[in-house]
Amino acid sequence: MTSYRYADIHGQRVFYREAGHADAPVLVLLHGFPTSSHMFRELIPRLADRYRVIAPDHVGFGHSAAPSVDGFDYTFDALTDITLGLLDHLGVRRHALYIQDYGAPIGLKIASRHPERVTAIITQSGNAYTEGFTPFWEPLFAYATNPGPDTEPAVRALLTPEATRWQYTHGVKDPSRISPDTWAHDQALLDRPGNAEVQLALFRDYRHNLDAYPLFQRYFRETRVPLLAVWGRHDEIFGPDGALAYRRDLPAAEIHLLDAGHFALEDHLDTITGYIRGFLGRVLG
């Protein structure tokens, strides 16, 4: 059974899903944009027989608090601090990470700050290298570099229903396998009053994550953390070169390119579950 809980972390109400035995090895699932822990709704019960699985919603997403941009510092460093605060609140000192999209900089900031805490990493369209950035990012980086009326319309377009649906359906061999509930759920939360400004603040901050890539890569080299990449071969946001780049610093990385797009869990759940169970079974024992 998955439980749905809240915790007060640094003055913010943080929602998280949790399942599994309290004394089992911990796996923390960190979602990306524009979704929430909802993206892990089917994966969690498939892993909870063997692991304690914890999937929070970042502040500004899902069922977590979404204060205005005047009431919270919407940066990836701040989201990292909230995630660490939640793990401390739950008494989690050692854990594996599943990182996707926005979850990657958050998870890798945790890992590079506290390498002793992280037992393994699973990445699904979660970059730590400049390889794999596609033309999708050109308007985002233009806006982050020079925010204003000339660059903002292009990134506001990423908050529309059409863009949210595209994130789920691009690169998918059979779109009929993707439930419209996915993008409808995400869009309803994106459309909350004031949330566009939240997302714009994070768009502006995202480029600073790239400054931390050398730190992440040094962490890989120094720790040789076990890493599994399960990545959509047809992802037009983070291309497959982003997955292959991990082998530069982690030669033993296990990499699987799937016939999928950005949200590969939606149509490759069984395959990804099998890879995760095999990988964690080997590296965690």
Side-chain angles (χ1 to χ4, degrees), residues 17 19 25-33 35-51 53-55 95-108 110-111 118-129 131-134 136 167-175 177-179 182 216 220 224-284:
R17 301 167 195 251
V26 177
L27 174 61
V28 178
L29 311 177
L30 300 179
H31 70 83
F33 167 86
T35 188
S36 64
S37 62
H38 180 259
M39 72 169 282
F40 300 117
R41 67 200 177 280
E42 301 290 347
L43 180 65
I44 291 171
R46 293 173 184 243
L47 299 176
D49 64 320
R50 197 176 292 180
Y51 304 100
V53 187
I54 300 168
H95 56 85
L97 287 168
Y98 185 127
I99 55 176
Q100 195 265 351
D101 193 90
Y102 276 13
I106 295 168
L108 294 175
I110 290 173
V118 176
T119 56
I121 294 174
I122 301 156
T123 176
Q124 177 213 328
S125 295
N127 260 38
Y129 298 84
E131 289 89 341
F133 279 91
T134 67
F136 173 89
Q167 289 221 42
Y168 282 94
T169 58
H170 80 269
V172 174
K173 186 174 182 179
D174 182 3
R177 296 184 60 189
I178 310 299
S179 169
T182 55
F216 300 162
F220 299 147
R224 296 296 196 223
V225 61
L227 184 134
L228 166 70
V230 282
W231 208 285
R233 184 186 302 275
H234 312 298
D235 189 345
E236 296 180 37
I237 299 172
F238 290 114
D241 286 345
L244 298 172
Y246 279 98
R247 283 215 178 110
R248 181 186 310 153
D249 297 302
L250 293 170
E254 181 179 333
I255 298 174
H256 301 279
L257 300 180
L258 309 176
D259 188 15
H262 191 60
F263 284 111
L265 277 174
E266 297 301 326
D267 59 341
H268 284 72
L269 175 65
D270 290 342
T271 300
I272 293 174
T273 300
Y275 285 139
I276 292 172
R277 290 178 70 91
F279 170 71
L280 291 181
R282 288 190 298 275
V283 303
L284 300 185

*Aromatic rings Y168 and F263: how do their planes relate, parallel, tilted or perpendicular, breaks at 30° and 60°?*
parallel

*Y102 side chain near T35 side chain, heavy-atom distance below 4.5 Å*: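 A side-chain contact is absent here, since even the closest heavy-atom pair is not under 4.5 Å.
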
Any donor-acceptor pair under 3.5 Å from [X] side chain to [Y] backbone:
X: E131; Y: D241; result: no
X: R277; Y: R46; result: yes
X: T134; Y: I237; result: yes
X: W231; Y: A260; result: no
X: H170; Y: E236; result: yes
X: R233; Y: D259; result: no
X: D270; Y: G274; result: no

*Picking from L29, I121, I106, I122, what satisfies side chain to side chain contact (heavy atoms under 4.5 Å, CB included) with I99?*
I121

*Which of these, L47, I44, L43, sits in a side chain to side chain contact (heavy atoms under 4.5 Å, CB included) with L27?*
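Of all the options given, the one that passes is L47.
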
*asked:* Measuring centre to centre across the rings, with the benzene-like ring taken for any Trp, is F40 within less than 6.0 Å of Y98?
replied: yes

Under 4.0 Å between a Lys/Arg side-chain N and an Asp/Glu carboxylate O for [X] and [Y]?
X: E254; Y: R282; value: yes
X: D249; Y: R224; value: no
X: E266; Y: R41; value: yes

*Go through the steps to decide whether R17 and S37 satisfy the test side chain to side chain donor-acceptor pair (under 3.5 Å), and finish with yes or no.*
CA-CA 7 Å; R17 301 167 195 251; S37 62; 2.7 Å; yes

*After noting the C-alpha distance and the side-chain angles of L265 and M39, does the key distance pass the side-chain contact (heavy atoms from CB on, under 4.5 Å) rule?*
CA-CA 8 Å; L265 277 174; M39 72 169 282; 4.0 Å; yes

*Those residues that, when tested against F238, pass ring pair (Phe, Tyr, Trp, His ring centres under 6.0 Å) (two or more places apart)*: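 F238: ring pair (Phe, Tyr, Trp, His ring centres under 6.0 Å) contacts with F133, W137.
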
*Given side chain to side chain donor-acceptor pair (under 3.5 Å), test D101 with H262 step by step and report yes or no.*
CA-CA 9 Å; D101 193 90; H262 191 60; 2.9 Å; yes

